[in-house]
Amino acid sequence: ATLINWANTNSIEPHAVFQNSGNVISEANYGGSGMPHIVVVGPDHNIYFNGLDAAANDPAGVTNAINQALLVSGILQAAGSMFHLSVAVESKTASINFSLGESSIVNIEMLNEAGQLVATKALGKMPAGNNNAAFELDGIAAGVYFIRLKTENSSQTVKFSAVK
């Protein structure tokens with residue numbers, strides 16, 4: 001009840017989830033106790049965000065940390081996602097093939113291994129069914145990257161390698 005009241009007072013979305021971990025998690029392991037205290041821990045047990053008191057007021061930082069932890073986790077799409085995404089690299093072009101369950105506005109983002117945005121491409125309104133797009137890789141260093149396809153209701157991310 002205390003956490004829910006705190007969330008309401010601080011305009012936290014109603015779908016926010018608080019987990020009562022009992023004695024399993026000690027705040028001392030994350031720099032001490034205080035309110036708010038937001039920690040994003042990935043499946044690899046790395047800490048992607050650790051904000052205590054005023055430092056916890058960083059929505060963009062929390063969002064980036066969650067996205068980075070999801071990339072590391074290998075979770076490629078949310079349950080119930082209505083599209084398929086694949087990437088094939090040929091020469092200096094990433095061919096992006098995707099199928100949509102319904103017509104939607106589509107944007108593509110390229111992220112590096114650290115989860116940083118490298119490039120974007122707005123495709124506009126795309127029809128339901130099979131679609132494709134090309135992403136030029138000129139000027140992109142060899143390495144591992146991620147393509148994130150975002151629709152109005154969902155997103156999916158796949159990993160690919162750019163080679164020289």
Side-chain angles (χ1 to χ4, degrees), residues 1-87 94 96 98 100-102 104-123 126 135 137 139-162:
T2 302
L3 287 174
I4 291 170
N5 287 335
W6 173 83
N8 288 333
T9 300
N10 289 283
S11 302
I12 302 289
E13 295 291 329
H15 63 271
V17 178
F18 295 98
Q19 179 180 358
N20 182 355
S21 58
N23 294 327
V24 176
I25 298 174
S26 170
E27 281 191 277
N29 294 335
Y30 301 98
S33 61
M35 277 299 261
H37 193 172
I38 299 173
V39 180
V40 177
V41 180
D44 55 356
H45 304 284
N46 285 326
I47 298 170
Y48 292 89
F49 183 89
N50 187 0
L52 180 62
D53 298 323
N57 186 18
D58 182 5
V62 172
T63 299
N64 289 337
I66 291 170
N67 288 336
Q68 191 172 3
L70 287 173
L71 288 174
V72 169
S73 75
I75 296 172
L76 301 180
Q77 66 182 15
S81 178
M82 295 302 292
F83 61 86
H84 168 76
L85 171 66
S86 65
V87 176
I96 302 161
F98 57 98
L100 301 174
E102 61 187 16
S104 182
I105 294 173
V106 176
N107 292 296
I108 299 174
E109 299 175 341
M110 182 186 301
L111 305 135
N112 63 17
E113 273 188 297
Q116 298 166 323
L117 188 62
V118 175
T120 62
K121 187 171 193 173
L123 299 181
M126 300 296 288
F135 217 108
L137 301 176
I140 301 295
V144 175
Y145 293 88
F146 298 89
I147 290 288
R148 179 183 301 143
L149 186 130
K150 296 168 74 174
T151 67
E152 295 169 73
N153 299 315
S154 191
S155 69
Q156 184 176 350
T157 304
V158 295
K159 183 177 178 179
F160 76 97
S161 295

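What you see is a predicted model, and the numbers here were worked out from it, not measured in a lab. Atoms considered below: every heavy atom in the structure, side chains included; atoms not considered: hydrogens, waters and symmetry mates.
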Roughly how far apart are [X] [atom1] and [Y] [atom2], rounded to 0.5 Å?
X    : Y    : atom1 : atom2 : result
F146 : M110 : CZ    : CE    : 12.0 Å
L149 : S86  : CG    : OG    : 10.5 Å
E152 : I105 : CD    : CD1   : 4.5 Å
F135 : Y145 : CZ    : OH    : 11.5 Å

Tell me the closest heavy-atom pair linking [X] and [Y], and the distance in Å.
X    : Y    : value
F49  : I38  : CD2-O, 3.4 Å
A94  : V87  : CB-CG1, 4.1 Å
V144 : S161 : CG2-OG, 4.2 Å
L85  : I96  : CD1-CG2, 3.5 Å

Fill in: L123: partners by side-chain contact (heavy atoms from CB on, under 4.5 Å), with sequence neighbours left out
F98, V106, I108, K121, M126, A133
Discussion item. Under the criterion side-chain contact (heavy atoms from CB on, under 4.5 Å), I'd like the reasoning laid out for V39 against I47: C-alpha separation, chi angles, the key distance, then a yes or no.
Written reply: CA-CA 7 Å; V39 180; I47 298 170; 4.1 Å; yes
With a 3.5 Å cut-off and sequence neighbours excluded, list the donor-acceptor pairs that the side chains of residues 53-60 form with protein atoms.
| unit_1 | atom_1 | unit_2 | atom_2 | d |
| --- | --- | --- | --- | --- |
| D53 | OD1 | M35 | N | 3.4 |
| D58 | OD1 | G61 | N | 2.9 |

Worksheet entry | Residue pairs, two or more places apart or on separate chains, that pass salt bridge (charged side-chain N to carboxylate O under 4.0 Å, His left out) and touch residues 139-148 | E109-R148
